[in-house]
Amino acid sequence: MRIDIITVLPELLRSPFDASILKRAIDKNLVEVHFHNIRDYTDKSYNQVDDYQFGGGAGMVLMIEPIDKCITALTEQRDYDEIIYMTPDGERLNQKISNGLSLSKNIIILCGHYKGVDQRVRDRFITKEISIGDYVLSGGELGAAVLCDTIIRLLPGVLNDETSALTDSFQDGLLAPPVYTRPSEYKGMKVPEVLLSGNFGKIEQWREEQAHLRTEALRPDLLE
Ligand code: ADE
């Protein structure tokens, strides 16, 4: 899979891809991630990429021309399954969206900044708009990092234990059950007996029950 991220702040985005699971996925060539600085696509002085909004109002807007040039340079080289815009008024990200996107070959992610992008960018180029939650970030970069993390960990071969993404919260519409590790008793707090029993049928049954109880208590909306 190839992910191209278009941003005015590539430096804000690099570190999540430089550690742990995402770095390993890149090192193993399971995913390619490319950063494109919108400023490299402007002819204006001082590398200007934003301007005041027509009609007045606070906040700058990213201009269409450099974004057009960047997206066009990419789409001339290969086909993209989706051109995604990160924005608080997009569709709220969930596991189902990430599962779907993980099947893509090539995607572009455009990060908004300031007041966002000229609406004509959205009308002309964008095939999917995604929000990571009902709050406003300073830009789409952190949202793009979250989106990439949720997608990349699903790619075959990325996680050591192939089954481990399947047992994540949300994969079966439920929250994950509680987990424990050694010691089996700490300051009087004991690990549930069943997990020490070695009876895998019972353990599986207990985990399913716990997943239901947890979902009922914490996220009843998922059961509706
Ligand atoms: N850009 C600003 N806020 C955002 C959000 N909540 N999700 C995605 N991109 C954003």
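Whatever order the structure lists them in is the order used to number ligands and atoms, beginning at 1.
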- Backbone N/O of Ser184 and side chain of Lys190: donor-acceptor pair under 3.5 Å: no

- The side-chain contact (heavy atoms from CB on, under 4.5 Å) partners of Gln171 (sequence neighbours excluded) come to Gln95, Asn99, Leu154, Asp168

- Task: Taking atom CZ of Arg182 as the centre, report whether more than 12 heavy atoms of other residues, nucleotides or ligands fall under 6.0 Å from it.
- Result: no

- Task: Output the set of protein residues with a heavy-atom contact under 4.0 Å to ligand 1, ordered first by chain identifier and then by residue number.
- Result: Met86, Thr87, Pro88, Ile130, Ser131, Ile132, Gly133, Tyr135, Val136, Leu137, Gly139, Gly140

- Applying ring-ring contact (aromatic ring centres under 6.0 Å, His included), which residue pairs with at least one partner in residues 185-209 are found, sequence neighbours left out? none

- Task: Would you confirm whether the ring centroid of Phe35 sits within less than 6.0 angstrom of the ring centroid of Phe17?
- Result: yes

- Message: Does anything in residues 115-127 form a side-chain hydrogen bond (donor to acceptor under 3.5 Å, both in side chains)? List the pairs, not counting sequence neighbours.
- Response: Glu82-Thr127, Asp89-Arg122, Asp118-Arg120, Gln119-Asp123, Arg122-Glu129

